[in-house]
Amino acid sequence: MAPLRQSFAGDAIAAARRLLGMVLVHGAHRARIVETEAYLGPHDLACHAAKGRTARTEVMFGPPGHAYVYLVYGMHHLLNVVTGPEGYPAAVLIRAAEPLTPNLPALDGPGKLGRALGIDRRLNAVDLCDPGSPLHLEPRDGPRPRIAAGPRIGVDYAGAWPHKPYRFMVAGSPHGSRPRLC
DNA sequence: TAAGTGATACGC
DNA sequence: CGTATCACTTAC
C-alpha cells in the first residue's frame, strides 16, 4: 500500500496524529492541518458509525484515505478522512488548518474550513491519497510536530465519550479552532 | 445566549 | 408521512 494511504489504515487516533502537518489541497487552495479529532468506530457513541451502516455512513465502511463529507446544522460541510482497515467504520474530522495560499480567511473551525475551501458533499468519497483528485492530501514534508491533546468538541450527547482526549493539535499553533480548552 | 438551516434517522 | 436532532457559526 502507498505510504500516504498507509497512514490512515490503522486506528483513527494514530491517523489523527499523522494528519497534523499534512497539506490539504483543493484546486488552488492549500492549507496545513493543525487540528483533528478521532472518531473510533461503531463502539464510539460520538461516531456516526455508532448508528450503523446507512447511506450517510457508507463511505466510512470503505477503504481508508477517502473523504467523508457531510452537512451539519443545515449549513456546514465537515471534512473527515476515512481510517481503519476496509470494512471498519472510523474517521478523523479535520477541525482547523493554517492557510497557505493568499486570499484564504482563517480556517479555525471545521465549518469555516469547509466553507473557505469550497468543500461540499459532492466531494464525499473522493480518494484523498490520489494527487489527481480535486481534493487530496500531501504527506508532511517538515519534521513531526509536537502534539497536544484534549477533549473533543460538540459531542456532549455521547455520554462519557466526549471527555476522552481524542482531539489533537499542533502544539502552540495560533491557527487552531476557537474553543481552546487546552 | 439563541437562531439559523436542511439532511438524516427514527417513530408512526 | 412527521419531527427531533445535529462532529457549527455568527450576531445579539
Side-chain angles (χ1 to χ4, degrees), chain A residues 8 11-20 22 24 26 29 31 33-62 64-84 88-99 103-126 128 135 137 147-170 173-182:
Chain A
F8 311 122
D11 66 79
I13 290 176
R17 298 172 64 93
R18 289 192 185 114
L19 272 163
L20 296 176
M22 287 191 190
L24 186 62
H26 186 212
H29 299 315
I33 295 167
V34 300
E35 185 174 324
T36 59
E37 263 178 14
Y39 289 84
L40 276 48
H43 61 290
D44 176 358
L45 296 184
C47 182
H48 291 166
K51 296 286 184 186
R53 190 164 189 157
T54 68
R56 181 172 68 157
T57 62
E58 180 63 28
V59 68
M60 277 202 277
F61 289 81
H66 288 241
Y68 167 41
V69 181
Y70 68 95
L71 183 67
V72 74
Y73 294 112
M75 45 188 112
H76 302 296
H77 295 272
L78 271 52
L79 171 65
N80 299 250
V81 182
V82 172
T83 71
Y88 185 83
V92 174
L93 172 67
I94 308 300
R95 283 198 60 89
E98 171 191 358
N103 306 321
L104 272 181
L107 309 172
D108 55 350
K112 292 159 77 176
L113 183 148
R115 185 177 51 144
L117 297 183
I119 292 166
D120 63 41
R121 294 183 309 151
R122 289 173 303 194
L123 293 166
N124 190 49
V126 304
L128 297 171
L135 178 66
L137 292 163
I147 298 174
R152 292 183 291 191
I153 306 293
V155 291
D156 288 351
Y157 62 88
W161 280 98
H163 313 304
K164 304 270 188 182
Y166 297 152
R167 173 182 175 223
F168 302 96
M169 294 148 278
V170 173
S173 171
H175 302 101
S177 66
R178 297 299 290 169
R180 212 156 294 195
L181 298 177
C182 292

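Atom CD in A:Glu37 sits about 11 Å away from atom P in C:dA7, given to the nearest Å. Atom OH in A:Tyr68 sits roughly 14 Å away from atom P in C:dC6 (whole-Å rounding). Between A:Ile119 atom CD1 and C:dT9 atom P the separation is 13 Å, expressed in whole Å. Rounded to a whole Å, the CG atom of A:Asp108 is 8 Å from the P atom of C:dT9. Rounded to an integer number of Å, the gap from CG of A:Leu113 to C1' of C:dA7 is 13 Å. Between A:Tyr39 atom OH and C:dC6 atom C1' there is a gap of 12 Å when expressed in whole angstrom units. Here the C1' atom of nucleotide C:dC8 and the OH atom of A:Tyr157 are 13 Å apart, to the nearest Å. Put simply, CG on A:Leu93 is 10 Å from P on C:dT9, counting in whole angstrom units.
Using the Watson-Crick or G-U wobble rule with both distances under 3.5 Å, B:dT5 pairs with nothing in any strand shown. Base pairing analysis places C:dA7 opposite nothing; no Watson-Crick or G-U wobble pair with both distances below 3.5 Å involves it.
A donor-acceptor distance shorter than 3.5 angstrom exists from the side chain of A:Glu37 to the backbone of A:Ile153, with no hydrogens or angles considered. Checked by atom type and distance alone, the side chain of A:Asp108 never pairs as donor or acceptor with a backbone atom of A:His175 at under 3.5 Å.
A:His48 contributes a side-chain N or O that forms a donor-acceptor pair with the base of C:dA7 under 3.5 Å.
Projected onto DNA chain C by closest heavy-atom contact, A:Gly154 and A:Arg115 fall at different nucleotides, the more 5' of which corresponds to A:Gly154.
Atom OH in A:Tyr39 sits 12.5 Å away from atom OG1 in A:Thr83 (nearest 0.5 Å).
A:Leu78 comes within 4.0 angstrom of the backbone, heavy atoms only, and of no base.
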Margin query: Return a single string for nucleotides 5-12 of chain B, one symbol per nucleotide in 5' to 3' order, where B is base contact, S is sugar-phosphate-only contact and - is none, cutoff 4.0 angstrom on heavy atoms.
Written below: BBSSSS--
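A sub-4.0 Å separation between OP1 or OP2 of C:dC8 and a side-chain N or O of A:Arg95 is present.
Between A:Val92 and A:Ala15, the shortest heavy-atom distance links the atoms CG2-CB, 4.1 Å. Of all non-hydrogen atoms in A:His48 and A:Tyr68, the two that sit nearest each other are ND1-OH, 2.6 Å. A pairwise comparison of heavy atoms in A:Gly41 and A:Cys47 identifies O-CB, 3.5 Å as the closest pair.
The A:His76 side chain lies nearest to C:dC8 when the options are C:dC6, C:dT10, C:dC8.
Taking a 6.0 Å sphere around CZ of A:Arg122, one finds it holds 12 or fewer heavy atoms contributed by other residues, nucleotides or ligands.
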